[in-house]
Every structure is written in structure tokens, then in C-alpha cells.
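The structure appears right after this line, and notes come after that.
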Amino acid sequence: MKKYMLDMKVTANCPLHNNYCLLKLTADQTLPEMLPGQFVQVRVDRSPTTFLRRPISINYVDRETNELWLLVQKIGDGTRTMCESRPGDILNLLLPLGNSFTIPADKGQKPLLIGGGVGTAPMLYLGAVLNEAGITPTFLLGARTEKDLLQLEKFEQFGDLFVTTEDGSFGEKGFVTNHSVLQQVAFDQIYTCGPKPMMMAVANYAHQSGTACEVSLENTMACGIGACLCCVEKTKEEHHVCVCTEGPVFNIEKLSWLN
Amino acid sequence: MAELNVNIGKLALKNPVMTASGTFGYGIEYADFMDISRLGGIFVKGTTIQPREGNAYPRMAETPSGMLNAVGLQNKGAHYFAEHIYPEIKDIDTNMIVNVSGSSIETYVECAEKIAELDQIPAIELNISCPNVKQGGMAFGVTCAGASEVVKAVRKVYPKTMIVKLSPNVTDITEIARAVEAEGADSVSLINTMLGMAVDVEKRKPILSTVTGGLSGPCVKPIAVRMVWQTYKAVKIPIIGLGGIATWKDAMEFILAGATAIQIGTYNFVDPTAGIQVIDGLNEYCDRHGVKSITELIGALHH
């Protein structure tokens with residue numbers, strides 16, 4: 001897929017709880033095709049301690065308004081500065097980057113989309129695309145507390161929604177891999193993005209239950225286009241591959257994660 | 001329109017703006033963002049005779065105005081390069097230069113011999129300054145004896161333009177530059193990354209898997225300009241300057257300090273079109289100063 005460098009205008013910056021914001025961006029031109037699982041590299045100009053672009057997964061693409069949505073968690077100076085953007089500001093983006101989740105050809109499939117923390121972001125766009133393809137996804141979102149659960153109404157538009165929180169403040173108490181829906185429904189494939197321990201637990205659950213599983217990795221990156229070789233992950237064959245170009249989405253059978 | 005063309009050894013560059021090894025892949029990674037053939041040259045990823053997996057993740061730590069890396073020369077080896085990558089890049093209309101590395105004199109020589117077979121690779125950059133490998137790399141580049149030995153051995157088997165990439169992690173870079181000039185290097189490029197370190201204070205652990213790594217980006221620029229200026233006074237061979245170049249103004253600093261050509265490195269990650277901006281900016285600068293050829297400006301500091 002051809003990659004673009006685009007100046008995009010902030011149309012809205014919606015704060016979501018304390019630690020997150022939802023940025024909506026538009027461009028003069030029609031946005032290029034973007035696939036679920038792909039990401040963008042955002043240039044951060046107003047933070048003296050931030051040098052590199054920030055890789056952010058695609059949260060949603062609204063074709064009607066020609067808008068790209070980015071869900072940003074304030075982790076450091078770069079993401080905090082991004083969350084200070086105001087409507088009308090221009091952000092420079094490289095997009096679309098990386099590979100994408102595999103969309104099943106068979107409409108009768110029952111996919112489970114598991115997201116944790118800010119890793120729920122790409123699950124929304126994946127769910128929307130699955131829904132558009134005539135497949136009803138099931139979302140299982142995990143968070144520390146109710147306050148870390150984001151965009152729940154939006155998820156409900158595209159599929160069935162289940163939630164766990166570590167403190168039991170919303171949904172079932174515990175981790176995503178303990179949720180009762182896993183016992184009740186036989187899923188055909190699992191897609192997941194979130195903290196690495198969660199993804200590893202999901203990957204091992206999927207492997208043991210014989211369910212196909214794709215994970216989206218968040219390794220720290222410099223270039224985002226396969227030039228610097230900083231964001232590598234080890235494959236089963238002990239090779240280092242770039243998450244930015246060979247991923248961010250990997251079939252778990254390719255990685256060295258399984259017990 | 002000023003004349004921007006310059007020469008490095010037998011190499012003719014359409015302009016002095018090139019991209020640094022390890023920051024520009026094999027060029028094609030950037031082709032969606034710019035016309036890469038406008039560059040004076042592209043230094044491709046560091047290549048060794050045997051494939052290397054590089055160091056363990058994490059390999060990168062951002063710093064203010066720069067970054068540390070500890071990639072450790074991950075590459076698929078010179079044979080893979082010759083068979084699979086070279087055919088993809090050989091017709092790009094600019095100088096495609098291979099950065100050659102090794103862990104011993106023999107492996108440097110073997111790699112240079114393999115690359116010498118490739119007709120459309122007009123030059124190599126001999127990397128005696130990688131700080132991220134346990135054997136070879138910088139070990140050769142920090143003593144005059146080590147630098148001389150490897151350059152002498154490679155010179156015997158490599159007839160085309162040989163550029164030697166120097167380490168800034170030395171007491172006096174001009175001594176190393178003189179030593180490699182004496183062994184027949186056609187040019188020196190400087191600087192490679194500076195050895196640095198970053199700590200995750202919450203975890204009380206080094207961020208990089210290798211503890212130390214190479215610092216690059218705008219934060220190293222003044223050191224690089226100083227070293228180019230010192231080296232310019234010490235050797236007769238042309239100098240390729242690099243270290244933190246982001247804009248045409250940065251590039252001009254290096255040229256005025258004595259660089260015949262420059263490389264853009266880490267900044268390619270921030271602006272993948274930086275090379276084009278620098279070429280256009282140099283052109284405007286020359287026109288504005290009534291300079292017909294950029295060669296008039298090499299080392300042209302007023303004292």
C-alpha cells in the first residue's frame with residue numbers, strides 16, 4: 001500500500017477520562033484506504049523533550065466526514081503534547097503504516113476482539129470493518145477500573161460487548177482471560193491488542209483452545225517504515241523482524257510467545 | 001540554479017546531500033514520500049559477510065533532540081544482499097553505497113570483495129566505528145593501528161571509492177583520519193554515533209538491552225561540526241560530514257567547516273523528505289550568496 005505524509009487538521013479533541021483523548025483529524029484530500037490494525041506516525045513539534053514521531057493505532061475511519069480517529073493515552077511528554085492539540089491545529093502524519101488484521105472470508109464466523117487499556121483502540125475499527133463485511137464481532141474489553149473503559153457506546157454499535165475490570169467496578173471482576181463468555185461461546189478466531197502480559201495470556205489461551213489468534217504489538221519505534229530496525233520482535237525461528245513492517249499484527253504461531 | 005555537484009574520490013555526486021547508513025534502509029522504504037533519485041547518494045544498511053540478528057530488544061531510547069540505538073548491525077549478509085536486494089536497488093538513479101562492517105580483518109575483506117563484484121555499487125563506506133557490536137566495529141576505529149590495519153587490508157581488494165566512517169569516541173579524531181588517509185582511503189565520513197546510556201529510573205534498569213548505545217540526532221551536531229573542522233585541517237582527502245543534520249542550514253555548517261558532502265541520518269525518521277528540503281535549501285543559499293558552485297564553499301569559513 002502506498003504510504004503518504006499528510007498535514008491533517010484537528011477537527012475535535014475529546015478528553016476521555018483523565019488520561020486519554022480522542023483526536024479527530026481531517027485532510028484536504030480524501031483519506032487513503034486504511035486497514036484495521038494499521039497505524040500512523042504523528043510528528044510532535046511542540047515538546048522539547050520529544051524528538052521522534054509517535055506511533056498511534058488507527059481507532060476509526062469515518063468515511064462520511066473524511067475523519068481519522070486516534071485514541072491517545074497520555075504516557076509521556078509526546079502523547080501529552082498531542083492531547084493538548086486544539087481544533088484547527090495541524091498535525092503531520094505518515095500513513096497508513098504496517099500490516100492489518102485478517103478479515104475472514106466466511107460471514108458465518110464468530111470472531112472475538114479482546115482489547116486492554118489503550119489497546120482497545122484498534123479493536124473499534126476492526127469491529128467496524130467486520131460489521132461492514134456482514135460479520136458480527138464480540139468485543140471483550142479489559143481495564144483496571146471503570147475509569148479506564150473508553151468508547152463503550154461506540155463498540156456497542158458494531159457488535160456484542162463484554163467487559164472486565166480488575167477491581168470489579170464495571171463488568172466482571174478479573175482479567176479478560178477469565179471472562180465467562182469464553183466458556184459460553186465457541187469463537188472461530190481471536191484478535192487482541194493491549195499490554196504484553198495480557199496479550200501473552202490471550203495468545204496462550206487461544207493456542208490451548210485451538211483458536212486462531214492475531215496480536216497487535218506496540219514495540220517502541222523510531223522510523224515506523226522498516227528502516228531503523230529498532231522495533232524488532234523475535235519469531236519462533238529466532239529471527240528479529242520489524243513490528244512496523246512485518247507487523248504490528250502477528251499470528252501468534254509466528255512468535256516465540258507460546259508456552 | 002547553482003551547481004551543486006561535487007566529487008568524492010572517483011564518485012560524482014549530483015549534489016552533496018546523501019542519507020546515512022542505518023537510517024534510510026535500502027532507499028526504497030522512502031520512495032513513497034520523495035523522489036529518492038534526487039539525492040546525491042544513499043548509504044544502505046550496514047552489511048556483514050554473514051547474516052546477523054543484531055542485539056536483543058529494546059534497542060532504542062529516545063533522548064531530547066536525538067536517540068540512542070543499539071541495533072547491532074542486523075542484516076541478512078552480503079550474499080543475500082547481492083542476490084535479493086541489489087537487483088531491486090541497482091537501477092535507482094543515484095550512488096548506492098554499501099556500508100561494510102566486519103568482526104575481524106578477514107570478514108571486512110571478504111565482505112568488501114563480495115560488494116566489489118556488484119557493478120552498480122560505486123563505493124563502500126568502511127564502518128570501523130559501530131559502537132554496538134562486541135567484536136570488530138569500533139574496536140578497529142579507536143586506535144590508529146587498528147584503523148590502519150583494516151583499511152590497508154580492504155584497500156588491497158577494493159579498487160573503487162573507499163570511504164572510511166570514523167568514530168567520535170576517540171581522543172583525537174584527526175590522528176585516525178590521517179592514519180586511514182595514509183593507507184589509501186579516498187574519503188572519510190564522520191561522525192558515527194557517540195557512546196551513550198539511558199536509565200529507566202522506575203525500574204532501576206538501563207533502557208537498552210546492551211546497556212550502552214550510540215547517540216545520534218541534532219544533539220550531537222556541534223560535536224560533529226567541530227570534528228569535521230579539525231579533520232579538514234588535518235587531511236587532504238574529501239570529508240563527508242554527518243551528525244544531527246536536519247536542515248539546509250545544518251548542512252551548510254558542515255560544508256563551511258570543511259565537508260565536501262553530507263549525510264542526513266536520524267532526522268529521516270522525523271521528516272522522511274528531509275533530504276529534498278536540504279537540497280532545495282542549499283540551492284537557494286548558493287543563489288542568495290551569488291555562489292556559482294557549492295564547491296566554492298567547502299571549508300570557506302571567514303576567520
Side-chain angles (χ1 to χ4, degrees), chain A residues 1-7 32 40-45 47-55 75-79 81 92-98 196 217-235 237-247 255-257, chain B residues 19-34 42 44-46 51-76 132 207-209 213-219 244 246 265-274 276:
Chain A
M1 281 174 86
K2 185 174 158 57
K3 299 185 272 286
Y4 298 83
M5 181 161 77
L6 292 181
D7 278 334
V40 302
Q41 278 271 55
V42 184
R43 187 167 161 165
V44 183
D45 280 327
S47 162
T49 52
T50 305
F51 175 64
L52 297 166
R53 288 173 181 261
R54 290 294 180 266
I75 294 174
D77 293 347
T79 46
T81 304
N92 184 270
L93 277 76
L94 306 182
L95 83 190
L97 306 178
K196 201 161 182 178
L217 305 190
E218 299 180 312
N219 295 13
T220 49
M221 291 178 186
C223 72
I225 57 173
C228 69
L229 313 188
C230 288
C231 63
V232 292
E233 183 70 27
K234 209 175 235 177
T235 63
E237 295 81 22
E238 304 265 298
H239 292 310
H240 281 134
V241 295
C242 283
V243 167
C244 66
T245 49
E246 308 267 320
L255 301 176
S256 57
W257 288 13
Chain B
T19 51
S21 177
T23 68
F24 212 68
Y26 295 96
I28 37 189
E29 290 85 346
Y30 285 79
D32 279 349
F33 303 113
M34 64 190 267
I42 295 172
V44 306
K45 177 68 195 161
R52 288 179 56 94
E53 286 298 333
N55 294 320
Y57 179 86
R59 299 176 166 185
M60 193 276 288
E62 188 182 33
T63 70
S65 294
M67 59 179 268
L68 291 158
N69 91 80
V71 172
L73 294 174
Q74 179 177 334
N75 78 101
K76 291 187 171 166
N132 295 323
I207 294 179
L208 299 173
S209 69
L215 181 66
S216 63
C219 57
T266 309
Y267 206 73
N268 291 312
F269 305 154
V270 179
D271 182 356
T273 68
I276 300 297

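Chain A is the first sequence line, chain B the second, and so forth, proteins listed ahead of strands; every chain is numbered from 1.
Note that CG of A:Leu229 and CG of B:Asn55 are 11.5 Å apart. Values are rounded to the nearest 0.5 Å. Note: A:Cys223 SG to B:Tyr30 OH = 5.5 Å, rounded to the nearest 0.5 Å.
Between A:Arg43 and B:Asp271, the closest heavy-atom pair is NH1-CB, 3.8 Å. B:Glu62 approaches A:Leu52 most closely through the heavy-atom pair OE2-N, 2.7 Å.
For the pair B:Val71/A:Cys230, a side-chain contact is recorded, criterion being any heavy-atom separation below 4.5 Å from C-beta on. In this structure, the side chains of B:Pro218 and A:Phe51 come closer than 4.5 Å at one or more pairs of heavy atoms. When side chains are defined from C-beta on, B:Pro272 counts as touching A:Met5, because their heavy atoms get closer than 4.5 Å. With a 4.5 Å cut-off on side-chain heavy atoms, B:Glu53 and A:Glu238 do not count as touching. Looking only at side-chain heavy atoms (C-beta outward), B:Phe33 and A:Ile225 come within less than 4.5 Å of each other.
With a 6.0 Å radius and a threshold of 12 heavy atoms from other residues, nucleotides or ligands, A:Lys196 has its NZ atom above the threshold.
Of the listed residues (A:Val44, A:Asn219, A:Thr49), the greatest number of heavy-atom pairs within a distance under 4.5 Å of chain B belongs to A:Asn219. Ranked by heavy-atom pairs under 4.5 Å with chain A, the first of B:Pro64, B:Ala31, B:Gly27, B:Gly66 is B:Gly66. Between chain B and the residues A:Lys234, A:Arg54, A:Met221, the largest count of heavy-atom pairs under 4.5 Å involves A:Arg54. Ranked by heavy-atom pairs shorter than 4.5 Å toward chain A, the options B:Tyr57, B:Tyr267, B:Tyr26 are led by B:Tyr57.
In this structure, the side chain of B:Arg59 does not engage the main chain of A:Cys231 through any donor-acceptor pair within 3.5 Å.
Contacts of B:Asn268 with chain A are absent, with no heavy-atom separation under 4.5 Å from either backbone or side chain. Proximity to chain B is absent for every atom of A:Thr245, based on heavy atoms less than 4.5 angstrom apart.
Using modelled atom types and a 3.5 Å distance limit, the side chains of A:His240 and B:Arg52 yield no donor-acceptor pair.
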